[in-house]
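Before any comments, here is the structure.
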Protein chains: 2
Amino acid sequence: MKEDKIIHKQIEPLLAYFQNLIPLNKEEKQLVCDLFKPRLYRKRQYVLQEGDVCNQFNFIVRGCLRMYKVDDKGNTHIVQFASENWWLSNIGSFHERKPSELNIDALEDTMVLQISHDNLLTLYIQAPKFDRIFRVLIENSFISLQKRLLQNISSSAEERYLSFIESYSHLTNRIPQTQIASFLGITPEFLSRLRNKQTKKS
Amino acid sequence: MKEDKIIHKQIEPLLAYFQNLIPLNKEEKQLVCDLFKPRLYRKRQYVLQEGDVCNQFNFIVRGCLRMYKVDDKGNTHIVQFASENWWLSNIGSFHERKPSELNIDALEDTMVLQISHDNLLTLYIQAPKFDRIFRVLIENSFISLQKRLLQNISSSAEERYLSFIESYSHLTNRIPQTQIASFLGITPEFLSRLRNKQTKKS
DNA sequence: ACTATATCAATACTATTTCTTGACCTAGTT
DNA sequence: AACTAGGTCAAGAAATAGTATTGATATAGT
């Protein structure tokens with residue numbers, strides 16, 4: 001049957017990503033194509049809103065998302081940015097099926113491939129290889145989260161900024177500095193001063 | 001019990017709206033509070049996308065939505081605008097549980113109170129007074145739709161524009177003229193010329 | 001006193017969105 | 001044949017929204 005072979009083009013970056021971790025056979029590829037759905041979010045659009053349960057696991061094909069918390073005073077604190085070939089979801093809310101206290105929205109028009117909670121379970125059952133793939137993927141997230149935490153509790157704003165532009169060089173010119181400030185936990189004004197200082201140095 | 005009295009503040013405009021049609025008792029108010037959920041849509045965000053079933057009946061607390069169709073050529077035709085204290089839903093899709101061929105999105109950041117299809121049925125059963133309220137509300141929508149249709153088939157673009165600014169004076173300076181043009185069924189350029197002509201008159 | 005940071009207000013700058021205009025086209029009247 | 005009600009396309013102008021910088025002043029901890 002021909003149907004077997006219908007693999008939608010938009011899925012390719014994701015297949016390439018998996019392929020890079022562990023080779024997939026035809027059936028596994030087909031599963032991925034069936035269970036992940038492409039979706040476009042426009043700049044500023046919510047992907048996940050506080051209070052809703054996170055029901056999708058998102059792989060970013062192009063664009064950029066942020067996950068953040070709004071505190072009681074109305075200040076936003078960015079937990080994570082994610083751009084091409086990264087994953088973003090509120091893992092806690094996703095797995096425990098509980099309302100999210102974090103928001104996710106788009107900093108640019110963003111194309112994601114998303115798999116629902118149910119479909120992810122199906123995927124694990126039908127192709128246990130994905131248990132491993134998703135373990136690796138979560139491990140990676142965990143590692144970078146831990147790194148970020150460590151940085152946060154041990155460094156000055158300036159050090160954190162320097163480290164940010166090193167780790168996220170592809171994002172520094174792409175997202176507004178207000179956002180970077182909110183990620184670093186400082187005010188935009190202070191970030192502006194840090195930058196000023198840096199440019200004077202060179 | 002205290003719980004009885006917990007009425008979320010955001011619901012008030014809706015209670016006021018109902019109250020204005022028919023007085024509600026405590027239990028009815030409580031039902032409204034339990035069954036309607038507040039939700040914020042940001043500018044350009046979809047409230048309903050073509051192909052999805054419309055599952056929410058929306059009351060607008062603040063902001064402005066539009067409902068429109070995109071034709072085969074990619075042109076958009078606005079069926080309806082809705083701002084504060086108006087209702088907007090694709091009633092056909094909502095009641096017949098069929099995929100919508102219309103889109104709804106936000107022209108401004110918009111706060112709505114929404115009730116799901118299931119919850120609306122519950123509401124009707126638990127408080128039959130709402131049968132009447134919603135009948136009135138649908139009648140109002142019907143009347144303004146008919147008026148619009150009549151206008152459309154019987155008037156020139158200029159007359160339609162004049163009538164628009166009369167009926168929707170609160171919106172004329174609030175939404176872009178591209179949108180008004182699309183509502184009137186003319187090009188933005190032509191609308192611009194009509195406006196030009198008007199100002200010259202006075 | 002000094003450093004790292006915050007707040008507030010004003011200003012400057014940039015990018016995006018919206019509006020207008022000119023030039024030209026078309027189909028249906030008069 | 002000329003007129004009217006509209007349309008298309010491209011360019012530019014104007015308005016608005018979003019972003020970045022700067023100065024002045026404040027605070028808490030070393």
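Atom set for the values below is all heavy atoms of this structure, side chains included, hydrogens, waters and symmetry mates excluded. The sequence lines fix the lettering, A, B, ..., with proteins before strands; numbering per chain opens at 1. If you're wondering where the values come from, they're calculated on a predicted model, not measured in any experiment.
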- Task: Would you kindly give the CG-to-C1' distance between B:L191 and D:dA5, to the nearest whole Å?
- Result: 14 Å

- Parallel, tilted or perpendicular: which describes the rings of B:F183 and B:F81, with under 30° parallel and over 60° perpendicular? parallel

- Task: Taking only the side-chain nitrogens and oxygens of B:S156, find out if one of them lies under 4.0 Å from OP1 or OP2 of D:dA5.
- Result: no

- Have A:D105 and A:Y68 got a donor and an acceptor in their side chains that come within less than 3.5 Å? yes

- Query: Taking the side chain as C-beta and beyond, is there a heavy-atom pair between A:Q49 and B:R39 under 4.5 Å?
  - Reply: yes

- Using atom NZ of A:K197 as one end and atom P of C:dA4 as the other, report the distance to the nearest whole Å. 6 Å

- Cation over ring face, B:R193 and B:F190, 6.0 Å, 45°: no

- Item | Within residues 70-90 of chain B or reaching into it, pairs that qualify as salt bridge (Lys or Arg N to Asp or Glu O under 4.0 Å) - sequence neighbours excluded | B:E84-B:R174

- Task: Let me know the distance between CZ of B:R160 and C1' of D:dG6, rounded to the nearest Å.
- Result: 10 Å

Considering only nitrogen or oxygen atoms on both sides, find all protein atoms under 3.5 Å from nucleotides 22-26 of chain D and state each distance.
residue	atom	partner	partner atom	Å
D:dT22	OP2	A:N196	ND2	2.4
D:dG23	N7	A:R193	NH2	2.5
D:dG23	O6	A:R193	NH2	2.9

- Message: Output the rounded distance in Å from CD1 (B:I186) to C1' (C:dC19).
- Response: 14 Å

- D:dA13 P sits how many Å from B:Q177 CD, rounded? 19 Å

- Query: Would you say A:T178 reaches D:dG18's phosphate, i.e. side-chain N/O to OP1/OP2 under 4.0 Å?
  - Reply: no

- Send over the distance from A:E108 CD to D:dG18 P, rounded to a whole Å. 16 Å

- Note on the structure: ring pair (Phe, Tyr, Trp, His ring centres under 6.0 Å) test vs A:F57 passes for just one of A:F94, A:F130, A:F36, namely A:F94

- To the nearest Å, how far apart are A:N173 CG and C:dT14 C1'? 15 Å

- Protein-nucleotide distance (A:R195, atom CZ; C:dT5, atom P), rounded to Å: 17 Å

